[in-house]
Amino acid sequence: DGGITQSPKYLFRKEGQNVTLSCEQNLNHDAMYWYRQDPGQGLRLIYYSQIVNDFQKGDIAEGYSVSREKKESFPLTVTSAQKNPTAFYLCASSGRGGRADTQYFGPGTRLTVL
Amino acid sequence: GDSVTQMEGPVTLSEEAFLTINCTYTATGYPSLFWYVQYPGEGLQLLLKATKADDKGSNKGFEATYRKETTSFHLEKGSVQVSDSAVYFCALKEGSARQLTFGSGTQLTVLP
C-alpha cells in the first residue's frame with residue numbers, strides 16, 4: 001500500500017543534542033513538507049521541498065534543518081539551537097500541484113526533550 | 001497574509017446530534033479549501049475538499065460548501081457517531097501554491 005511512514009513514533013532527547021526524524025513516502029510525490037503541532041494549536045510549516053536537492057524555509061525554520069537527496073525521503077534534524085523542540089512533528093507529501101492537489105500526512109513523531 | 005479561523009472548541013454532542021463547525025478564511029487570491037480530521041495520537045487525514053465557489057465536498061456523511069460571498073467553508077454532519085470524536089482542521093491553499101494554511105483545530109467529543 002502507498003503511504004507515508006515516519007519514525008520513530010516517540011523520541012526523547014536530552015538538551016543540547018541534535019536528533020533526526022525520518023520521513024519516507026512511496027506515493028511518487030514530488031513535494032514533501034514538515035509541520036510542527038503544539039497542543040491546542042494548528043500546524044505550522046517548518047520546511048518544504050518541491051523537488052530533489054531543493055527546499056525552502058517555512059514559517060518556523062529556525063533551529064531545524066532538512067535534506068532532500070532522494071525523492072522518497074525528507075529527513076528533519078532538530079538541532080540544539082531549537083529553543084523549545086518538544087512537539088508533535090508531522091510529515092506530508094503532495095503531487096503535481098494545482099488547485100486540487102492534496103497533502104497526505106504521515107502518522108507523526110512525538111519529540112520530548114528531557 | 002492568508003488565515004483560517006475556526007470556531008473554538010471543545011464541542012461536545014450526544015450521538016445522533018447535528019454537527020456544525022464554522023470555518024472562515026482570509027485570502028489574497030482564490031484558494032482551495034480543505035477539512036482534515038485527526039484522531040488521537042495520529043496524523044491528519046483528508047476528510048473533504050472544494051476547489052471553487054459553490055462546490056460541495058462530501059465524505060463519510062460530512063459536507064462543506066465553498067461560499068465565496070461569505071468566505072466560509074463550514075463543516076456539517078446530520079447525525080454524529082461516537083467514532084467521529086476527533087480534532088477537525090480547516091485549511092486553505094492559495095491557487096497553485098504548495099503550502100497549506102491551517103486553522104487552530106476544533107476538538108469534537110461525541111457521547112453515547
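Lettering follows sequence order; numbering is per chain, from 1. Both backbone and side-chain heavy atoms feed into the values below; hydrogens, waters and symmetry mates do not.
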Check your understanding: Can you tell me how far CD of A:Gln37 sits from CD of B:Gln38, rounded to the nearest 0.5 angstrom?
Key -> 4.0 Å
Review point. So which part of B:Leu44 gets closer than 4.5 Å to some heavy atom of chain A, the side chain, the backbone, both or neither?
Key: both
Review point. Once you round to the nearest 0.5 Å, how far does NZ of B:Lys49 lie from CD of A:Gln103?
Key: 11.0 Å
Review point. Looking at CZ of A:Phe105 and OH of B:Tyr36, how far apart are the two atoms once the value is rounded to the nearest 0.5 Å?
Key: 5.0 Å
Check your understanding: Considering only heavy atoms, which portion of A:Leu43 lies under 4.5 Å from any heavy atom of chain B: side chain, backbone, both, or neither?
Key -> both
Exercise for review: Decide if atom CD of B:Glu16 counts as having more than 12 heavy atoms of other residues, nucleotides or ligands within a radius under 6.0 Å.
Suggested key: no
Point to revise | Residue A:Ile51 excluded, over 12 heavy atoms near CD1 under 6.0 Å | key: no
Review point. Is there side-chain contact between A:Tyr33 and B:Leu100, with at least one heavy-atom pair below 4.5 Å?
Key: no
**Study point:** Over 12 foreign heavy atoms within 6.0 Å of CD, A:Glu62
**Key:** no
Point to revise | More than 12 heavy atoms from other groups under 6.0 Å of CD on B:Glu15 | key: yes
Practice item. Answer yes if B:Val80 and B:Tyr39 sit in the same cluster of Ile, Leu, Val, Met, Phe, Trp and Tyr residues linked by side chain heavy atoms under 4.5 Å apart, and no otherwise. Key: yes
Check your understanding: Out of curiosity, B:Leu48 CG to A:Thr102 OG1, how far, rounded to the nearest 0.5 Å?
Key -> 10.5 Å
Review point. So which part of B:Glu42 gets closer than 4.5 Å to some heavy atom of chain A, the side chain, the backbone, both or neither?
Key: backbone
Practice item. Mark yes when over 12 heavy atoms from residues, nucleotides or ligands other than A:Tyr10 sit less than 6.0 Å from its OH; otherwise mark no. Key: no
